[in-house]
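Structure record follows, encoded as C-alpha coordinates.
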Amino acid sequence: MIGHILAFVCIMIWGSTFVSSKILLDTFTPIELLFIRFLIGFITLCILSPKTHLIN
(Lines give C-alpha, C1' and ligand atoms only; values in the text may rest on other atoms or scores of the structure.)
Protein backbone atom coordinates (compact mmCIF):
# COMPACT_ATOMS: atom_id res chain seq x y z
CA MET A 1 0.00 0.00 0.00
CA ILE A 2 2.83 2.40 0.81
CA GLY A 3 4.21 1.94 -2.71
CA HIS A 4 0.91 3.00 -4.23
CA ILE A 5 0.76 6.07 -2.03
CA LEU A 6 4.32 7.06 -2.93
CA ALA A 7 3.60 6.54 -6.63
CA PHE A 8 0.52 8.75 -6.34
CA VAL A 9 2.52 11.49 -4.60
CA CYS A 10 5.16 11.28 -7.32
CA ILE A 11 2.54 11.53 -10.06
CA MET A 12 0.97 14.55 -8.37
CA ILE A 13 4.30 16.37 -8.01
CA TRP A 14 5.47 15.75 -11.58
CA GLY A 15 1.98 16.39 -12.93
CA SER A 16 1.86 19.76 -11.22
CA THR A 17 5.17 20.70 -12.83
CA PHE A 18 3.72 19.86 -16.27
CA VAL A 19 0.63 21.96 -15.58
CA SER A 20 2.71 24.92 -14.43
CA SER A 21 5.12 24.61 -17.38
CA LYS A 22 3.13 27.08 -19.47
CA ILE A 23 3.51 29.72 -16.78
CA LEU A 24 7.15 28.84 -16.12
CA LEU A 25 8.03 29.06 -19.82
CA ASP A 26 7.37 32.82 -19.60
CA THR A 27 10.33 33.05 -17.19
CA PHE A 28 12.62 30.12 -18.01
CA THR A 29 13.84 28.55 -21.23
CA PRO A 30 12.89 24.88 -21.86
CA ILE A 31 16.47 23.78 -21.07
CA GLU A 32 16.42 25.63 -17.74
CA LEU A 33 13.08 24.04 -16.90
CA LEU A 34 14.43 20.58 -17.73
CA PHE A 35 17.48 21.18 -15.55
CA ILE A 36 15.40 22.49 -12.62
CA ARG A 37 13.07 19.47 -12.80
CA PHE A 38 16.08 17.16 -12.90
CA LEU A 39 17.56 18.86 -9.82
CA ILE A 40 14.27 18.57 -7.94
CA GLY A 41 14.13 14.84 -8.67
CA PHE A 42 17.81 14.25 -7.90
CA ILE A 43 17.74 16.13 -4.60
CA THR A 44 14.55 14.31 -3.59
CA LEU A 45 16.14 10.94 -4.33
CA CYS A 46 19.26 11.90 -2.38
CA ILE A 47 17.13 12.86 0.61
CA LEU A 48 15.05 9.68 0.45
CA SER A 49 18.07 7.42 -0.05
CA PRO A 50 21.05 9.02 1.73
CA LYS A 51 23.70 6.47 0.82
CA THR A 52 27.28 7.47 0.21
CA HIS A 53 28.70 6.25 -3.06
CA LEU A 54 32.44 5.81 -3.11
CA ILE A 55 34.24 6.30 -6.40
CA ASN A 56 37.15 3.91 -6.89
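FYI, side chains are in, hydrogens and waters are out, and symmetry mates aren't considered; it's all heavy atoms of this structure. What you see is a predicted model, and the numbers here were worked out from it, not measured in a lab.
Sorted by first and then second residue, the side-chain hydrogen bond (donor to acceptor under 3.5 Å, both in side chains) pairs with a member in residues 33-43 read T17-R37; sequence neighbours excluded.
Once rounded to the nearest 0.5 Å, the distance linking OG of S20 with CG of L24 reads 4.5 Å. Rounding to the nearest 0.5 Å gives a distance of 10.5 Å between CZ of F42 and CZ of F35. Interatomic distance, I13 CD1 to T44 OG1, rounded to the nearest 0.5 Å: 6.5 Å. Atom CG in L39 sits 10.0 Å away from atom SG in C46 (nearest 0.5 Å).
The hydrophobic cluster of I31 has no other members, since no ILVMFWY side-chain heavy atom comes under 4.5 Å of it.
Hydrophobic clustering (ILVMFWY, side-chain heavy atoms < 4.5 Å, transitive): I40 and L25 are in one cluster.
Side chain of S49 to backbone of L45: no donor-acceptor contact under 3.5 angstrom is found.
Residues that satisfy the side chain to side chain contact (heavy atoms under 4.5 Å, CB included) test with L34, not counting sequence neighbours, are absent from this structure.
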